[in-house]
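In what follows, a single structure is set out as structure tokens and then discussed.
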Amino acid sequence: MNRLTHGQIAHFQRAYRFPGSALRRVRVVHRGSKDVAIEFTLSVRKMVKDLGAEPPRVRLTLRLDGVEEFRLQMRPGQSRVKVADARIAYLNGLYYVNFDSLGLEPNEQPKVFDFRASEAFAAGRELLWEETPAK
């Protein structure tokens, strides 16, 4: 897997179209008593490079290692929908990842409390990613 540094986050988020993608799998891995990793597998489209071509769909796996906190919640009666928005940020030494809309203004930067209010977020010390062709 490839390591994502905090300086690469903006470029990484422009390389894939997260809104409208599908969260295919979430896996929580407990290694020992305190070491937790979370893997998110999404079906996303790559950003358009050529206006005449259809952007390819790929499977993108994001893995957070050294997870400090997370929430994965689906309320009863809530309809399953596609990913509304996805944000990645490096705040206070942790990578924060979320998959629902934070309701931010166009140029507003997300803060820790924005991620914690989300129904699908995780925060960890390392963020790794891997792209594979869609099946």
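Minimum heavy-atom separation, A86 to Q13: O-NE2, 3.2 Å. The two residues L42 and S21 make their nearest non-hydrogen contact at CD2-OG, 3.9 Å. Contact between L91 and K111 at its shortest, heavy atoms only, is CD1-C, 3.8 Å. Of all heavy-atom pairs between V67 and L64, the closest is CG2-O, 3.4 Å. Listed here is the closest heavy atom pair of P55 and R45: O-NH1, 2.9 Å. Scanning both residues, A89 and P110, for their nearest heavy atoms gives CB-CG, 4.5 Å.
Interatomic distance, F70 CZ to I38 CD1, rounded to the nearest 0.5 Å: 4.5 Å. R63 contributes atom CZ, which lies 8.5 Å from atom CZ of R27 (distance to the nearest 0.5 angstrom). Atoms CG and CG, on N98 and D85 in that order, are 7.0 Å from each other to the nearest 0.5 Å.
In this structure R116 satisfies the side chain to side chain donor-acceptor pair (under 3.5 Å) test together with E69, sequence neighbours excluded. Remark: F12 engages L4, Y16, F18, L60, L62, I88, W129 in a side-chain contact (heavy atoms from CB on, under 4.5 Å) (not counting sequence neighbours). Remark: E126 pairs with R3, D65 by the side-chain contact (heavy atoms from CB on, under 4.5 Å) rule, at least two apart or across chains.
A donor atom on one side chain and an acceptor atom on the other are not found under 3.5 Å apart for S118 and R71.
No side-chain heavy atom of L127 sits under 4.5 Å from any side-chain heavy atom of Y90. At a threshold of 4.5 Å between non-hydrogen side-chain atoms, the residues E39 and V26 do not count as touching. Looking only at side-chain heavy atoms (C-beta outward), F121 and D114 stay at 4.5 Å or farther from each other.
Only one option out of R24, E130, E131 pairs with R59 in a side chain to side chain contact (heavy atoms under 4.5 Å, CB included); it is R24.
By the 6.0 Å contact criterion, CG on N2 is enclosed, its count of non-hydrogen atoms from other residues, nucleotides or ligands being greater than 12.
M1 and Y95 fall into different hydrophobic clusters, where Ile, Leu, Val, Met, Phe, Trp and Tyr residues are linked whenever their side-chain heavy atoms come under 4.5 Å apart, directly or through other members.
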